[in-house]
Amino acid sequence: MMKSLHIEAAKCTGCLQCEMACSFENYGVFNPAKSRIKVFDFHETGLKVPYTCTQCAEAWCLKACPVDAITKDKSTGAMMVNEATCVGCKVCTIACPFGTINYVADTGKVQKCDLCEGSPACADACPTGAITYIDADSTGIDRMRTWAAKLENQTAGHAD
Amino acid sequence: MAWQRKILRVDLTAGTCTSEALNMDWAMAYLGQRGLATKYFVEEVAPSVEPLSPANKLIFATGPLTGTMASTGGRYSVITKGPLTGAIACSNSGGYWGAELKMAGWDMIILEGRAASPVYLHIENDTATLHDASALWGKTTWDVEPALRKIHQDSQLKISSIGRAGENGVLYAAVINDLHRAAGRSGVGAVMGSKNLKAIAVRGTKGVAGIKDPKAFMKATQAAKAVLAGNGVTGEGLPKFGTQVLMNVINEVGAMPTRNFRDVQFEGAKDISAEAMHAPRETDGKANLVTNQACFGCTIACGRISKLDQTHYTVVNKPEYWAASGGLEYEAAWALGSANGVNDLEALTYANFVCNEDGFDPISFGATVGAVMELYQMGVLTKEQLGIEAPFGSAKALTYFAECTAKGEGFGPEIGLGSKRLTAKYGHPDLSMTVKGQEFPAYDPRGIQGMGLAYATSNRGACHLRGYTVASEILGIPVKTDPLETDGKAGLVKAFQDATAVFDSAGICVFTSFAWTLVDVAPQLEAACEGDWSLDNLNVVGERIWNMERQFNNAAGFTNKDDNLPKRLLTEAAKTGPAKGLVAGLDKMLPEYYAERGWDTEGRPTATTLERLSL
C-alpha cells in the first residue's frame with residue numbers, strides 16, 4: 001500500500017521533535033536548520049503548522065532538473081535526490097511552488113523529504129499524532145468519519 | 001559529548017566578544033546550565049558585588065540536554081546576583097531561544113561590564129557582534145523581536161530581550177524570549193538593563209552533534225517520553241489545563257494565599273481557574289484559552305495560549321492586544337488574582353500580557369500589589385498617592401498598576417521596588433510576604449507545611465521552583481505526605497532541592513519531575529554525556545550545587561536569620577479550610593533541616609560536608 005505523510009495542524013504543539021528527528025535521521029545531528037520538515041508558528045492565532053514535501057505525482061522539481069538527479073522511488077512514491085548526480089544548480093528550488101526542496105551549502109546539493117525509505121522519522125517522533133504516515137488513498141478518512149458522525153441523527157432507519 | 005565545549009565571553013565595557021573553551025573539569029562536577037554557570041559565577045564574581053553595578057556578571061547558560069531530543073530539552077537559565085534579593089539568582093526559561101543558542105555552538109554566554117550606551121548582541125553561529133540599540137531602547141519585547149528580524153533580514157532569529165521594566169530597573173524585571181517565555185524571577189532583567197544590553201538575537205544552524213552513544217540516547221529518551229505520556233499529570237492534566245490544573249486543588253486544601261496572605265482560600269478561585277479558561281465567555285461565546293503550546297523539544301505542552309475578550313475594558317480599542325499570546329499559568333493567575341482578591345479572568349490575562357510585553361515577573365508584581373492593596377485598606381496609602389482607588393478585589397487597580405509598572409509612570413516605580421522595600425518605605429515591613437526579599441508563589445505554608453521550609457531555605461528567596469514539596473504533600477508524587485504535618489519535611493525538602501538542581505542543570509524542565517525521578521534522567525545523561533551520571537553521582541551533584549549556592553549567599557552576608565518567614569505566617573493562624581488554626585511550623589523543621597544538610601546551627605556547611613561534596 002502506498003502511504004503518505006498526513007498532517008493535522010490542529011494537533012501540533014510546536015515541540016519540534018519532528019525537526020530534530022529529521023535532522024538526526026539524515027545527518028546524525030539534532031539540528032532543525034537541517035530538517036526537511038518545518039513547523040511554522042503563527043503566534044497571532046496560536047496555530048502551529050508542520051509543512052513538508054507532498055511528493056507531487058507530477059513533480060515540478062523532477063521536471064525542472066537539467067541533469068535528471070531527481071527520480072521517483074517506486075515503492076514509496078517519494079521524489080529522491082541522487083546526490084551523486086545533483087550539480088547544485090538550484091533550478092528545482094525555483095521550480096517548486098511550495099519551497100520544500102532546498103539547497104544545502106555544506107554539501108553543495110539540494111535536499112528534500114524522501115520519506116525515510118518508508119519509515120518517516122518525523123511521524124515516529126511526533127508525540128501528538130499531528131504527523132502520521134497513512135494509506136495515501138485515504139488521507140481524508142478521519143474527516144469523513146467526523147462528518148459522517150454529524151449525519152448520524154439524520155440517517156433514515158435510525159429511528160431509535 | 002552533549003556540550004558544545006565553548007563559551008562566549010562578552011565584555012560590554014570594552015565592546016568585545018571572545019570565545020573560550022568550556023572548563024570540562026567543572027562540567028563533570030556541575031553538569032551544565034544552573035550548576036555549571038553558577039560555578040563560573042562564584043569563581044569570577046565577589047559575593048559582595050552590587051547587583052546593578054558593572055562588576056556584576058550575567059550568564060545565559062544551556063545544559064547538556066538542551067537542543068536534543070530529550071523531552072523538554074530546550075531550557076536555558078540566566079544566572080547573576082539578583083537585585084531583588086542580593087542572593088544568587090537563577091531564572092529558567094523555555095521557548096526556543098535556549099536551543100537556538102546551543103545550535104549556534106555555544107554552551108553559555110558570560111556578559112560582564114556595562115556598555116556606554118544601549119547595545120544588543122547578535123550571534124550567528126561562531127560570529128558574535130555587538131550593535132547599537134539606541135533605536136530599540138524604550139521599546140517593548142513585543143516590538144524588539146520583529147524589529148531585529150527585520151534589521152537582520154532573518155525571520156528565523158530567536159530573541160531574548162528586556163522590555164521597559166528592565167530598562168527602568170524594576171527590581172523583578174524579567175528576561176523574555178519568544179514573546180512570552182520568561183526567565184522571570186529575582187530581577188535578572190534589571191541586571192541586563194543595568195548593563196545597557198537590550199537583547200540577544202541568535203541564529204544557530206550548526207546543531208548539536210557528538211552525543212556519546214546516539215542509539216542508547218534515542219532509546220533512553222523514547223522510554224522517558226513514554227513515562228511522560230503515560231502519567232496522569234504530564235500526559236493529561238498539564239496539556240489540557242496547564243499548571244492552572246492546581247487552582248481549584250490548592251484552594252480546596254486551604255493553601256491558596258489570598259489578599260496578601262490574610263486568608264488561605266479564595267472565594268473567586270473558580271472564576272480564574274483552568275476550567276474558567278476553557279469556558280465560553282458570555283460576551284463573545286469564545287473561551288479565553290485558544291490552545292496549549294510546547295516549548296522546544298517538549299512532549300508535555302503545558303503552555304497556555306489565550307485571546308482576550310475584545311470588549312473587555314482593558315483592551316477596548318487596543319487591537320494590539322487582540323492577538324493570541326501567552327496566557328495564565330497557575331502562579332501568575334494566583335499572584336495577579338487571589339493575592340489581590342481579583343477574580344476577573346480577562347483582567348488577569350491582560351495584566352499577564354503586559355508583564356510579558358514589558359518584561360516583569362507577574363508573581364512579584366502581583367504579590368507587591370497585594371501589599372499595596374492592604375496598605376490602601378489600612379489608609380496608609382491613598383488614592384492621591386496611587387492614582388486610583390485600590391481596595392482588595394479591584395481589577396481596575398490591578399491593570400492600572402500593571403501599566404504604570406511597565407511604563408515606569410505614576411506609582412509604578414514604587415511597585416517596581418518589590419514588596420519588601422515598598423512596605424518598609426511606608427512603615428509596615430511585616431506586610432511584605434517575602435523571603436530574602438523575594439515574593440512568595442502560590443502555596444500558603446500554613447496549609448502546605450513543607451513549602452514553608454522550602455521558601456525559607458530557597459537560595460534565590462521565596463520560590464516554588466527550588467523544592468516543590470507540593471508534589472508530595474498534595475499530589476502524592478513520589479509518595480504522599482500530610483501537608484499539615486511538619487515531621488519528615490526536612491528530609492523531603494532537601495531531597496526535592498537537590499534533585500531539582502540536577503533537572504535545572506541538565507537542560508530539561510522541572511515539570512518533567514511530576515513523572516520522572518532522577519532514575520529517568522540518569523540514563524538520558526549517561527547516553528548523551530561523558531562522565532559519571534549514575535543516580536548516586538547525580539544525587540551528589542545536586543547537593544553540591546545547592547551547597548555552592550548557599551556558600552555564595554553566606555559570603556554575601558546572609559545568615560540563618562534570613563531563613564525565615566514573615567510574622568503573619570508564623571503567628572496568624574489560617575482562618576478556614578483543612579489548615580484552620582495552623583501557623584507555619586518553621587521552627588520545628590529548620591534545625592532538623594540544617595542537620596540533614598550537614599550544616600551547623602548557624603546554617604553554614606560544616607568542613608565535613610564541604611569535603612564530602614568536594615567543595
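Values reported hereafter were calculated over all heavy atoms of this structure, with side chains retained and with hydrogens, waters and symmetry mates removed. What you are looking at is a predicted structure, and each value in this text was computed from that prediction instead of being measured. So that the names make sense, note that chain A is the first sequence line, chain B the second, and so on, each numbered from 1.
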Q) Looking at B:Val290, B:Leu179, B:Ile305, B:Thr72, which has the largest count of heavy-atom pairs under 4.5 Å with chain A? A) B:Leu179
**Q.** Neighbour count >12 (heavy atoms, 6.0 Å) for atom NZ, B:Lys6
**A.** yes
(Q) Please check: side-chain N/O of A:Gln17 versus main-chain N/O of B:Gly297, any donor-acceptor pairing under 3.5 Å? (A) yes
Q. Does any heavy atom of chain A fall under 4.5 Å from the side chain of B:Ile300, the backbone, both, or neither of them?
A. neither
Q. Which region of B:Thr291, side chain (C-beta onward) or backbone (N, CA, C, O), has a non-hydrogen atom less than 4.5 Å from a non-hydrogen atom of chain A, or is it both or neither?
A. side chain
(Q) Run A:Thr13 and B:Asn292 through side-chain contact (heavy atoms from CB on, under 4.5 Å) and show every step you take. (A) CA-CA 7 Å; A:Thr13 61; B:Asn292 66 325; 4.1 Å; yes
**Q.** Pairs of heavy atoms under 4.5 Å with chain A: top-ranked of B:Ser71, B:Ala324, B:Cys295, B:Gly303
**A.** B:Ala324
Q: Could you tell me the separation between the OH atom of B:Tyr96 and the CG atom of A:Asp41, rounded to the nearest 0.5 Å?
A: 5.5 Å
Q | Steps toward side-chain contact (heavy atoms from CB on, under 4.5 Å) verdict (B:Phe217, A:Phe30) | A | CA-CA 12 Å; B:Phe217 183 69; A:Phe30 297 121; 3.7 Å; yes
Q: Would you give the length of the straight line joining atom CG of B:Asp178 to atom NE2 of A:His43, rounded to the nearest 0.5 angstrom?
A: 10.5 Å
Q. Quick one: are A:Phe24 and B:Met218 in side-chain contact, heavy atoms under 4.5 Å?
A. yes
Q) Around A:Glu117, counting heavy atoms of other residues, nucleotides and ligands shown, do more than 12 lie under 6.0 Å from its CD? A) no
Q. Which of the residues A:Ser23, A:Gly28, A:Ala125, A:Ala21 is involved in the greatest number of heavy-atom pairs with chain B at under 4.5 angstrom?
A. A:Ala21
Q) So does B:Lys318 have more than 12 non-hydrogen atoms from other groups sitting under 6.0 Å from NZ? A) yes
Q) Considering only heavy atoms, which portion of B:Met103 lies under 4.5 Å from any heavy atom of chain A: side chain, backbone, both, or neither? A) side chain
Q.
In the structure I gave you, are the side-chain heavy atoms of B:Phe296 and A:Pro32 within less than 4.5 Å of one another anywhere?
A. yes
Q: Return the minimal non-hydrogen interatomic distance between A:Ala33 and B:Gly204, and the atom names on each side.
A: CB-O, 4.3 Å
Q | Engaged part of B:Lys307 at the chain A interface, taking heavy atoms whose separation is under 4.5 Å | A | side chain
Q.
Other residues, nucleotides and ligands only: do more than 12 of their heavy atoms fall within 6.0 Å of NZ on B:Lys139?
A. no
Q: Grab the two heavy atoms, one from B:Lys206 and one from A:Val29, that are nearest each other, plus how far apart they are.
A: O-CG2, 4.0 Å
Q | Per-residue contact mode, A:Phe42 against chain B (heavy atom under 4.5 angstrom) | A | neither
Q | Contact class of A:Ala10 relative to chain B, heavy atoms under 4.5 angstrom | A | neither
Q: Side-chain contact test, heavy atoms from C-beta onward, threshold under 4.5 Å: evaluate it for B:Gln156 versus A:Lys38 and give yes or no.
A: yes
Q. Once you round to the nearest 0.5 Å, how far does SG of A:Cys18 lie from CE of B:Met69?
A. 9.0 Å
